[in-house]
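Structure, as structure tokens:
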Protein chains: 2
Amino acid sequence: MVKGTLYIISAPSGAGKSSLIQALLKTQPTYDMQVSISHTTREKRPGEAEGEHYYYVSVDEFQRLIAEEAFLEYAEVFGNYYGTSRPMIERVLSQGIDVFLDIDWQGARQIREKMPQSRSIFILPPSKDELVRRLQGRGQDSDEIIAKRMNKAVQEISHYDEYDYLIINDDFDLALHDLKAIIRTERLRLDRQKMRNEALISKLLAD
Amino acid sequence: MVKGTLYIISAPSGAGKSSLIQALLKTQPTYDMQVSISHTTREKRPGEAEGEHYYYVSVDEFQRLIAEEAFLEYAEVFGNYYGTSRPMIERVLSQGIDVFLDIDWQGARQIREKMPQSRSIFILPPSKDELVRRLQGRGQDSDEIIAKRMNKAVQEISHYDEYDYLIINDDFDLALHDLKAIIRTERLRLDRQKMRNEALISKLLAD
């Protein structure tokens, strides 16, 4: 059985990560690639749907899953838990579907340790000016908030060299093309191609 | 300094390897990627040019180069020597240019050993029928000659699993796209991107 690949994707806020992942998944059927859906203890917001934005669970349930070591990684943010379910990811991968995990460097580290066969991609903005511009948003935030965002972005960027691949998101279409090239190439690796083309190969080698 | 990647490309006769490499190089400037030119002791044929098809050398000169360990690999075929010059390949790679080496599994093995940072790609035909059809050529050869070719092709195919990547040449454009995806992906690897974008990265990380 051909297994899918788990892709870890990280970037500082303002690098265009979410738009890239969305654009990528739009071009591919869900039986081919999917984005990972996290578990969370935070309340469902209007317009959100179970299993589409998150899997919504109680704090008790979340803690039970932690105790069972069901999470590849989890974190507490502003009093709410967020986690990535290992059995869920493994079920999807076992169907030959690639899974994308949008996560920060800390989560990436935990996942890399538990799933060493995963591939990790870091996305960078094209310049400091562009990063600042994107972090300033629509000009409605205080200098202090922008400085905090900048600080967090630089923190995230400082971990870029823990990743397998580095994409510079200067031209969006080119960055999307780069992301697709990585995915296609992973599928051309010997082990995956060998499994996928077993019948062809044994026929070619038969007398 | 960003170094180029050495690509080893092998395939059975009839898999479309040469057409793929030619089509690939046509889309790229020579300061970006080049095909490796072998040294040979065979005579120059009409229409061939020094440094374009081969570097033509005497048997004495070739043997001197062997003694100097100047070849990544060499072989004798029908009384003539053919070899891949290591200094020549390294000079091109050091300019940041990718080099393609069209070679059989035996040469590939020698090169892989001496240049472990190279990447190797094996190209397969889409089916046994198609392979036979391509090996039959224009129907002017004896059954015996075709059987010999077939035998040689199967021998070559039997080494497919010594390679990093496997491309099935069913649809030519798709196979070319696959080849390009591999090359693009190699350039997105952390070590290469890190060198290429040193200035950007230090600027992003500066206060």
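Computed from heavy atoms alone, side chains included, the values below leave out hydrogens, waters and symmetry copies. In what follows, every chain begins at residue 1, and chains take the letters A, B, ... in the order their sequences are listed.
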Heavy-atom contacts under 4.5 Å, residues 144-165 of chain A to chain B
A:Val154, A:Ile157, A:Ser158, A:Tyr160, A:Asp161, A:Tyr163, A:Asp164, A:Tyr165

Mind checking which of residues 117-126 of chain B sit less than 4.5 Å from chain A, heavy atom to heavy atom?
B:Leu124, B:Pro125, B:Pro126

Report, as yes or no, whether the 6.0 Å neighbourhood of atom CD on A:Glu68 holds more than 12 heavy atoms from other residues, nucleotides or ligands.
yes

Quick check on A:Glu50: does its CD atom have over 12 non-hydrogen neighbours (other residues, nucleotides or ligands) under 6.0 Å away?
yes

Just wondering, are more than 12 heavy atoms of other shown residues or ligands nearer than 6.0 Å to OH in B:Tyr74?
no

Can you establish whether the number of heavy atoms outside A:Glu198 located under 6.0 Å from its atom CD is more than 12?
no

Looking only at A:Val132, A:Leu200, A:Asp178, most heavy-atom pairs under 4.5 Å shared with chain B are made by A:Asp178

Residues 179-194 of chain B: residues contacting chain A (heavy atom under 4.5 Å, by number):
B:Ala181, B:Ile182, B:Arg184, B:Thr185, B:Leu188, B:Arg189, B:Leu190, B:Gln193, B:Lys194

Counting only heavy atoms from other residues, nucleotides and ligands, does the tally under 6.0 Å from CD of A:Glu113 exceed 12?
no

Proximal component of B:Leu131, with respect to chain A [non-hydrogen, under 4.5 Å]:
side chain

Who in residues 166-175 of chain B is close to chain A, using a strict under-4.5 Å heavy-atom cut-off?
B:Leu166, B:Ile167, B:Ile168

Please determine, among A:Lys128, A:Lys203, A:His177, the option with the most heavy-atom pairs under 4.5 Å with chain B.
A:Lys128

